Amino acid sequence: MSSTTCIVLGIPVQEGAGRLGCDMGPSAFRTAGLVTELRNLGYAVEDRGNIAPAPQREVRHPNSAIKALAETVAWTEAIAEAAYQAGGDGMPIFIGGDHSLSAGSMTGLARRAAKEGREFFVLWLDSHPDFHTLETTTSGNLHGVPMAYATGLKGFNGYFPDVRNPLNPQNVCMIGIRSVDPAERAALATVGVTVHDMRAIDENGVAPLLDAFLKRVAAADGILHVSLDVDFLDPGIAPGVGTTVPGGATFREAHLIMEMLHDSSLVRSIDLVELNPFLDERGRTALLMVDLVSSLMGRRVLDRPTQSYRHTPKAH
Ligand code: MG
Ligand code: MG
């Protein structure tokens, strides 16, 4: 048994993605058994249901490509407050919802970490860095900006809620990156984010890359937040996402990361984002994401029934 209380927060935001469907994500995570899995691992679980955006106000930006700015700002306000509260009550697990939700989760959790006098770190598992500003986005989909916003990059002031406790970009480690726009590449290099692309995984394996980062978090006595975008995974095993990019993390690479995170005891919160159940195949992506959370929360490889056991029909 564990004394940690998992706090599940459904965030049915879909306005940040380029297509509809992520609003069904929270239902799919629950249907895939997230809460039951956590309880089976010995955790107390408080499912706070789905949160709603703050009241919308009129907000316009000169970049005419930007979509759903007012909606995203309203979501960010509500999510940041919910994240701050939940971060003080237990271990928040944000079930999205598109990746714009991390604008709220990361800023709310950074504020909580600052209140506790702890340094805040983020492990970003995604094929994209989501490091556009409101000026540089050309798609206009605001699931491409949360990391730029949370790290305090210029240009969000007066549009998004003020960032009281910007995340130090040097406390961010990105793994699995394989789709980066030129403006993002330049900004990432300037501010010093650690970026491990898929080639780095091919050449080194995930273990030494992650181990080096976890040592830094531990040395700083830091708090670690994990933001997991479905498209971090290879589309062959995780088709239920609107932004598939070939050549992603394998089943074992992803599980190894989760197992190492569990062993580190450093993780205090998780985002599960970009699941689009409309694009999924009979829930397999949702089930895989729940499976990964179970690994992160401590399920051991040898605890699991084998595939052959699970799928063998009962003899009559
Ligand atoms: Mg993303
Ligand atoms: Mg992505």
Side-chain angles (χ1 to χ4, degrees), residues 11-23 25-26 29 66-68 72 75-76 79 94-107 109 122-134 136-151 153 160 167 169 172-185 187-188 193-198 201 225-250 253-254 257 269-280 285-286 288-289 292:
I11 320 275
V13 57
Q14 64 177 346
E15 288 85 354
R19 55 199 303 170
L20 302 179
C22 285
D23 65 333
F29 282 118
I66 294 174
K67 297 166 194 153
T72 309
W75 273 109
T76 302
I79 298 163
F94 302 89
I95 52 175
D98 71 64
H99 220 160
S100 69
L101 81 78
S102 301
S105 64
M106 291 193 293
T107 49
L109 294 165
V122 174
L123 176 66
W124 186 263
L125 303 171
D126 194 336
S127 68
H128 311 92
D130 297 344
F131 210 59
H132 271 294
T133 65
L134 296 177
T136 66
T137 177
T138 52
S139 76
N141 297 322
L142 294 180
H143 66 171
V145 308
M147 186 51 90
Y149 167 67
T151 49
L153 256 58
F160 274 63
L167 164 62
V172 178
C173 177
M174 298 185 168
I175 298 184
I177 301 295
R178 56 195 187 281
S179 176
V180 186
D181 294 333
E184 293 179 298
R185 181 172 288 119
L188 286 166
V193 172
T194 300
V195 182
H196 298 305
D197 60 10
M198 284 308 299
I201 296 182
H225 173 67
V226 176
S227 198
L228 172 59
D229 183 320
V230 170
D231 72 28
F232 166 70
L233 304 162
D234 191 82
I237 56 169
V241 62
T243 50
T244 50
V245 186
T250 65
E253 285 165 346
I257 288 172
S269 48
I270 313 169
D271 300 328
L272 303 173
V273 299
E274 295 287 335
L275 175 66
N276 187 329
F278 192 71
L279 304 173
D280 204 2
T285 308
L288 173 57
M289 291 288 280
L292 290 169

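Just follow the structure's listing: the first ligand is 1, and inside any ligand the first atom is 1. Computed from a predicted model, the values in this text were never measured in an experiment. Just so you know, residue 1 is the first one in the sequence shown, and it goes up from there.
Note on Asp229: its N/O/S atom closest to the Mg ion (ligand 2) is OD2. When distances from the Mg ion (ligand 1) to the N, O or S atoms of Asp126 are compared, OD2 comes out shortest. The atom of His128 nearest to the Mg ion (ligand 2) is ND1, with the search restricted to N, O or S atoms. The Mg ion (ligand 1) lies closest to atom ND1 when only the N/O/S atoms of His99 are considered.
One finds the CD1 atom of Ile257 at 5.0 Å from the CD1 atom of Ile175 (value rounded to the nearest 0.5 Å). Here the CG atom belonging to Asp229 is positioned 9.5 Å from the CG atom belonging to Asp98, to the nearest 0.5 angstrom. If you take CD on Glu274 and CG on Leu279, they are separated by 10.5 Å, rounding to the nearest 0.5 Å.
At least one N, O or S atom of Asp231, from either the backbone or the side chain, sits less than 2.8 Å from the Mg ion (ligand 2). Not one N, O or S atom of Asp130 sits under 2.8 Å from the Mg ion (ligand 2).
Partner His99 forms a side-chain hydrogen bond (donor to acceptor under 3.5 Å, both in side chains) with one of Asp130, Asp271, Thr243 and no other, that one being Asp130.
At distances below 3.5 Å, not a single donor-acceptor pair connects side-chain atoms of Glu15 with backbone N or O atoms of Thr72.
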